[in-house]
Amino acid sequence: GYSFILIESIGNNSCSLLSSANSQTKGILRDAGKDLFLINSIATEMFGTIYKTKEQYTEKLIGNQTTYKDFICHRIEKNIGFIEKSLFFSKFQMSTIKRILQSEAFSRHISNMKQGYLAHGDYNLEHIFHHKGSYTGVIDFGDAKTAPKGYDLAYFKISNPNYFDYMHAGYIEASGVSSCFYEDPILVFLVGIRILASVFENSQINSREDYRFQAFLHELDVLSHSFN
């Protein structure tokens, strides 16, 4: 039930310094994607942050929110406020964000999510490790959640967009299903709001050229066209 990190046994090289153009990188992240699929296949109960204190410990992985809506909409108004106050978004873009949150597609997305699965919760290159060109594991499950199967994919797509295709290829290979099966544009949109709100709140972004901001704008543009 407690969070801990193993460094030496899995190799102490984070993928955060790898070049996206390197063939070695593609292999490492492809294997990481396969492993992530296995992690995301572990069924859980409820949604949200997984109980992990001694008092809360059980043999089952249980989230702290009863429903998916409680989990994914937690702090959403506050998060939208951080995004709006950043002044990075145009009035049209902000109206698009709010329109999506009031749409039937958003309501269907919420109502269709019944089963949660184990999610790393902060899945990015910093937490993926390799040794001598081979994938060795993922660390730091301190933000582990019970969430939709595509949650970590969505998080990685916004956090490390230039590396997403490599990792996603391994994920799909392990799953044996269509490449679009785990790609939910509404989920990517909602996870993107969480990521951007966090970086704006902590003053970790100061340019519209930031890759996370650009990745979110791309997803917002794709999603908005589906509403036209």
Side-chain angles (χ1 to χ4, degrees), residues 15-16 20 29 47-49 65 67-113 119-128 142-143 145 147-168 171 179-180 182-228:
C15 287
S16 59
S20 62
L29 293 183
F47 289 91
T49 302
Q65 302 283 355
T67 68
Y68 173 65
K69 182 177 181 180
D70 293 337
F71 161 60
I72 204 65
C73 293
H74 178 63
R75 279 177 49 106
I76 195 164
E77 291 184 5
K78 191 172 183 178
N79 287 342
I80 293 298
F82 281 120
I83 287 175
E84 195 159 22
K85 289 177 183 177
S86 73
L87 302 180
F88 273 46
F89 292 85
S90 68
K91 290 183 178 180
F92 176 76
Q93 288 166 340
M94 286 306 309
S95 67
T96 301
I97 290 172
K98 293 173 182 178
R99 181 163 58 95
I100 292 171
L101 292 173
Q102 297 170 353
S103 68
E104 290 185 11
F106 174 74
S107 297
R108 286 195 301 271
H109 168 82
I110 293 294
S111 62
N112 288 339
M113 293 296 180
H120 180 277
D122 188 20
Y123 195 79
N124 61 64
L125 290 175
E126 182 181 351
H127 296 136
I128 301 170
D143 291 319
K145 294 172 174 54
K149 245 179 189 177
Y151 188 92
D152 283 331
L153 280 177
Y155 197 99
F156 193 86
K157 193 171 191 179
I158 299 297
S159 297
N160 302 111
N162 293 334
Y163 298 79
F164 176 77
D165 288 346
Y166 311 145
M167 190 276 299
H168 182 244
Y171 197 98
S179 63
C180 63
Y182 296 109
E183 291 186 68
D184 184 337
I186 296 284
L187 181 59
V188 178
F189 165 75
L190 292 169
V191 173
I193 287 175
R194 288 187 164 194
I195 292 172
L196 286 187
S198 177
V199 296
F200 283 134
E201 181 179 8
N202 295 291
S203 302
Q204 295 173 342
I205 180 172
N206 53 23
S207 169
R208 287 182 173 82
E209 298 306 312
D210 184 278
Y211 57 91
R212 294 161 296 189
F213 177 71
Q214 289 298 320
F216 181 79
L217 281 189
H218 173 73
E219 297 301 322
L220 180 63
D221 183 61
V222 171
L223 190 56
S224 67
H225 278 85
S226 69
F227 283 77
N228 295 330

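Quick note: residue numbers are just sequence positions, from 1.
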Geometric class of the F213/F89 ring pair [parallel <30°, tilted 30-60°, perpendicular >60°]: perpendicular
Test item: N112 side-chain N/O and R108 main-chain N/O as donor-acceptor pair under 3.5 Å: yes
When rounded to the nearest 0.5 angstrom, what is the spacing between CG in L29 and SG in C15? 5.5 Å
When the ring centroid of Y123 is compared with that of F156, is the distance short of 6.0 Å? yes
For N160 and N162, which I'm curious about, is there any donor-acceptor pair between the side chains at under 3.5 Å? no
Quick one: does any side-chain atom of S111 pair with a main-chain N or O of S107 as donor and acceptor, under 3.5 Å? yes
Rounding to 0.5 Å, atoms CG (L101) and SG (C73) come to a distance of 8.0 Å
Taking the six-membered ring for Trp, is the centroid-to-centroid distance between Y155 and H120 below 6.0 Å? no
Between Y211 and S159, what is the shortest heavy-atom contact and its length? CE1-O, 2.8 Å
In terms of the angle between their ring planes, are Y163 and Y166 parallel, tilted or perpendicular, with boundaries placed at 30° and 60°? perpendicular
Can the ring centres of F200 and F82 be said to be less than 6.0 Å apart? no
With ring centroids as reference points, do F189 and F106 lie under 6.0 angstrom apart? no
For a 4.5 angstrom cut-off between non-hydrogen side-chain atoms, does L220 reach I100? yes
Rounded to the nearest 0.5 Å, what separates atom CD1 in I110 from atom CD1 in I186? 9.0 Å
Sort and list the pairs that fulfil salt bridge (Lys or Arg N to Asp or Glu O under 4.0 Å) and have at least one residue in residues 199-216, not counting sequence neighbours. R75-E201, D210-R212
Please check if atom CG in N202 has more than 12 non-hydrogen atoms from other residues, nucleotides or ligands closer than 6.0 Å. yes
Can you list every salt bridge (Lys or Arg N to Asp or Glu O under 4.0 Å) pair that touches residues 155-165, not counting sequence neighbours? K157-E183, K157-E219
Can you tell me how far apart CG (N124) and CE (M167) are? Round to the nearest 0.5 Å. 10.5 Å
Would you say Q204 has more than 12 foreign heavy atoms packed within less than 6.0 Å of its CD? yes
Any side-chain heavy-atom pair of K145 and F71 under 4.5 Å: yes
For side-chain contact (heavy atoms from CB on, under 4.5 Å), just list the numbers for L190 and I76, CA-CA rounded to whole Å, side-chain angles, deciding distance to a tenth of an Å, and then say yes or no. CA-CA 9 Å; L190 292 169; I76 195 164; 4.0 Å; yes
Measuring only between side-chain heavy atoms, which start at C-beta, is D152 closer than 4.5 Å to Y171? no
Should T96 and L223 count as side-chain neighbours, where that means a heavy-atom distance under 4.5 Å? no
Measuring from atom CD1 of I72 to atom CD of Q65, what distance do you get when rounded to the nearest 0.5 angstrom? 10.5 Å
Of all the heavy-atom pairs spanning Y68 and P148, show the shortest one and how long it is. CE1-CG, 3.4 Å
Backbone N or O of I83 within a donor-acceptor pair of the S86 side chain at under 3.5 Å? yes
Can you check side-chain contact (heavy atoms from CB on, under 4.5 Å) on D184 and M113, steps first, answer last? CA-CA 11 Å; D184 184 337; M113 293 296 180; 3.8 Å; yes
Can you tell me if H127 uses its side chain to pair, donor with acceptor, with the backbone of D122 under 3.5 Å? yes
Minimum heavy-atom separation for F216 to I193, with atom names? CE1-N, 3.8 Å
Where is the tightest heavy-atom contact between L187 and G150, given as atom of each residue plus distance? CD2-C, 3.5 Å
Run the salt bridge (Lys or Arg N to Asp or Glu O under 4.0 Å) check on E84 and K98 step by step: do they pass? CA-CA 11 Å; E84 195 159 22; K98 293 173 182 178; 3.2 Å; yes
